[in-house]
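Letters go in sequence order (proteins before strands), and every chain restarts at 1.
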Protein chains: 2
Amino acid sequence: MHEDEPRWLTDGEQQIWRTYLQATMLLDDHLDRQLQRDAKLPHLYYALLVQLGEAPRRRLRMTELARQAKITRSRLSHAIARLEKNGWVRREDCPSDKRGQNAILTERGAEVLAEAAPGHVAAVRQALFDRLTPEQQKSLGEIMKIVAEGLQPCEAGADLPWLR
Amino acid sequence: MHEDEPRWLTDGEQQIWRTYLQATMLLDDHLDRQLQRDAKLPHLYYALLVQLGEAPRRRLRMTELARQAKITRSRLSHAIARLEKNGWVRREDCPSDKRGQNAILTERGAEVLAEAAPGHVAAVRQALFDRLTPEQQKSLGEIMKIVAEGLQPCEAGADLPWLR
DNA sequence: CACTTATACTTGAAACTTCAAGCACTACCT
DNA sequence: AGGTAGTGCTTGAAGTTTCAAGTATAAGTG
């Protein structure tokens with residue numbers, strides 16, 4: 001068993017990759033900071049409230065929420081525990097499966113969401129959409145779709161966060 | 001002082017934004033996992049070793065390293081403390097400024113880096129570059145450059161991680 | 001039905017990051 | 001020179017995420 005010389009990244013690829021890392025790092029930091037300041041919430045927690053807010057009857061099974069958010073169930077458990085303590089979310093036993101739990105957006109949670117949303121959207125616009133041409137936006141969408149789909153193959157045995 | 005109705009994201013923009021969040025989440029998770037498994041190191045810590053490895057004399061001032069990595073100095077301090085404990089990095093007082101510290105990649109650190117690099121590069125290729133056309137790669141680079149530059153304006157008073 | 005395996009979720013500890021000080025030194029100002 | 005503000009870095013605690021179990025229920029198998 002012999003390891004071939006790996007195919008290193010070309011200078012151009014390196015440049016792209018580093019810029020990607022920097023941009024995603026900075027954007028994530030920027031949004032986290034904006035939300036932490038204005039809504040006392042990290043970006044991921046905000047995203048969870050958004051997903052719940054859009055779900056029918058404002059509720060979602062834990063694993064389904066983890067799947068949509070691309071995180072582990074453990075991470076979600078801790079996050080929901082915190083949101084529950086703050087009163088933005090509550091839990092409910094799943095009627096059809098006694099192992100299951102639903103996370104439910106509370107009225108207070110919906111209010112927090114409504115208050116935080118405008119500032120958050122403005123931040124996303126200002127940092128991303130307002131700076132890109134329509135062609136670039138389209139291209140970004142296509143690229144990210146390819147990457148996202150590539151990393152969550154349908155096959156069984158895939159190492160996806162919400163199945164760990 | 002009156003808040004106008006915010007400019008919400010269009011359906012198309014929402015779609016792009018969500019896909020972006022999912023792709024970056026999955027990719028970050030994927031690389032973290034690969035490196036944690038193969039090199040016992042989170043992706044960010046690996047990136048720090050890379051930066052040090054490329055710097056002249058394998059050393060960099062703390063703030064400069066934080067600036068390159070787009071993280072806070074506090075985060076860097078903790079990270080370097082861990083890397084130092086593992087023997088991959090050591091510190092040195094800066095000769096010209098007694099407040100300053102250099103982080104230096106050790107021989108052991110360089111070895112770890114050399115062992116981890118092929119697998120990491122392969123993962124980046126497989127998840128990203130191998131799936132994109134040359135045009136898409138170029139476009140991605142341009143887009144990320146715009147975003148990264150937009151988030152680190154030259155002006156004083158900008159809220160950049162390494163200045164916090 | 002008993003038995004095994006898989007699924008759904010949680011938990012506590014360890015690892016990592018953020019936050020708010022804090023210390024030491026430098027640069028600036030008079 | 002002395003005083004003041006700014007820079008460079010670190011630290012401990014609080015918050016978040018990962019990791020490795022653990023509990024309970026469901027589904028599959030002989």
Side-chain angles (χ1 to χ4, degrees), chain A residues 25 28-37 39-48 59-67 69-86 89 91-103 156-157 159-164, chain B residues 25 28-37 39-48 59-67 69-86 89 91-103 156-157 159-164:
Chain A
M25 205 95 183
D28 205 36
D29 176 79
H30 184 64
L31 297 180
D32 253 337
R33 213 122 215 281
Q34 185 268 323
L35 281 167
Q36 194 72 55
R37 177 164 54 74
K40 272 63 184 148
L41 223 47
H43 183 201
L44 175 74
Y45 289 38
Y46 173 85
L48 295 175
R59 73 197 60 199
L60 238 27
R61 285 286 294 270
M62 292 296 278
T63 298
E64 176 56 18
L65 183 48
R67 200 186 59 73
K70 311 303 170 197
I71 62 178
T72 63
R73 286 175 285 187
S74 173
R75 185 177 179 180
L76 180 60
S77 272
H78 288 296
I80 292 293
R82 199 265 229 190
L83 291 170
E84 193 175 24
K85 190 152 60 181
N86 294 4
V89 167
R91 292 177 206 250
E92 172 192 69
D93 292 346
C94 177
S96 58
D97 185 338
K98 285 175 188 168
R99 295 167 301 180
Q101 288 276 109
N102 282 315
D159 176 34
L160 299 169
W162 57 94
L163 300 179
R164 300 213 271 262
Chain B
M25 203 95 182
D28 205 37
D29 177 78
H30 184 65
L31 297 180
D32 253 336
R33 215 127 214 281
Q34 186 267 323
L35 281 166
Q36 193 73 55
R37 176 166 54 75
K40 271 66 183 143
L41 222 46
H43 182 202
L44 176 75
Y45 288 40
Y46 172 84
L48 295 175
R59 72 197 61 198
L60 237 27
R61 284 287 293 268
M62 292 296 279
T63 299
E64 176 57 20
L65 183 48
R67 200 186 60 73
K70 311 304 172 197
I71 62 178
T72 63
R73 286 175 284 185
S74 173
R75 184 176 179 181
L76 180 60
S77 271
H78 289 296
I80 293 294
R82 198 268 228 189
L83 291 171
E84 193 175 24
K85 190 151 61 182
N86 294 3
V89 167
R91 292 176 205 250
E92 171 193 68
D93 291 345
C94 177
S96 57
D97 185 337
K98 284 174 189 166
R99 295 167 300 180
Q101 289 275 110
N102 281 315
D159 176 35
L160 299 169
W162 56 95
L163 301 179
R164 299 213 271 261

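Atom NE2 in His78(A) sits about 16 Å away from atom C1' in dT17(C), given to the nearest Å. For Leu163(A) and dT7(C), the CG to C1' distance is 10 Å, given to the nearest whole Å. For the pair Met25(B) CE and dT18(D) C1', the interatomic distance rounds to 13 Å; values are reported in whole Å. Atom-to-atom, CZ of Arg37(A) to P of dC19(C) comes out at 12 Å; the value is rounded to the nearest Å. Here the C1' atom of nucleotide dC9(C) and the CZ atom of Arg67(A) are 17 Å apart, to the nearest Å. If you take NZ of Lys98(B) and P of dT10(D), they are 18 Å apart, rounded to a whole angstrom. One interatomic measurement links the two molecules: CZ of Arg75(A) to C1' of dA14(C), which rounds to 17 Å at whole-angstrom precision. In this structure, the CG atom of Asp28(B) is 13 Å from the C1' atom of dC16(C), given to the nearest Å.
Between dT25(D) and Arg99(A), no contact under 4.0 Å exists linking OP1 or OP2 to a side-chain N or O. Taking only side-chain nitrogens and oxygens, Arg73(B) never comes nearer than 4.0 Å to OP1 or OP2 of dT10(D).
When heavy atoms are screened at a 4.0 angstrom cut-off, Leu76(B) is found touching no nucleic acid atom at all. Across all strands, Ile71(B) comes closer than 4.0 Å to no nucleic acid atom at all (heavy-atom distances). Residue Arg61(B) is classed as a sugar-phosphate contact, given heavy-atom separations below 4.0 Å to backbone atoms only. Nucleic acid contact class of Asp32(B) (heavy atoms, under 4.0 Å, all strands): none.
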Can you list the steps and then say if Met62(A) with Ile80(A) is a side-chain contact (heavy atoms from CB on, under 4.5 Å)?
CA-CA 9 Å; Met62(A) 292 296 278; Ile80(A) 292 293; 3.9 Å; yes

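Along DNA chain C, the nucleotide closest to Gln36(A) and the one closest to Arg164(A) are compared, and the more 5′ of them pairs with Arg164(A). Positionally, the nearest nucleotide of DNA chain C for Ala81(A) lies more toward the 5' end than for the other of Ala81(A) and Asp29(A). When the nearest nucleotides of DNA chain D are assigned to Ser96(A) and Ala79(A) by heavy-atom distance, the more 5′-ward of the two goes with Ala79(A). Comparing Pro42(A) and Arg91(B) against DNA chain D, the residue whose closest nucleotide sits nearer the 5' end is Arg91(B).
For Ser74(A) against dC9(C), a side-chain-to-base donor-acceptor contact under 3.5 Å is absent. Contact annotation: side chain of Ser77(A) to base of dT11(C), donor-acceptor pair absent below 3.5 Å.
Side-chain proximity of Arg33(A) to the nucleotides dC25(C), dC19(C), dC9(C) is greatest for dC19(C).
Within the 4.5 Å cutoff, no side-chain heavy atoms of Asn86(B) are placed close to those of Lys40(B).
Arg164(B) has a carboxylate O that lies under 4.0 Å from a charged side-chain N of Asp159(B), or vice versa, which qualifies the two as a salt bridge.
Side-chain atoms of Lys70(A) come within 3.5 Å of backbone N or O of Arg67(A) as a donor-acceptor pair. Looking only at distances, a side-chain donor or acceptor of Arg73(B) sits under 3.5 Å from a matching main-chain atom of Trp162(B). Counting only distance, with no hydrogens or angles, the side chain of Asp32(A) and the backbone of His43(A) share a donor-acceptor pair below 3.5 Å.
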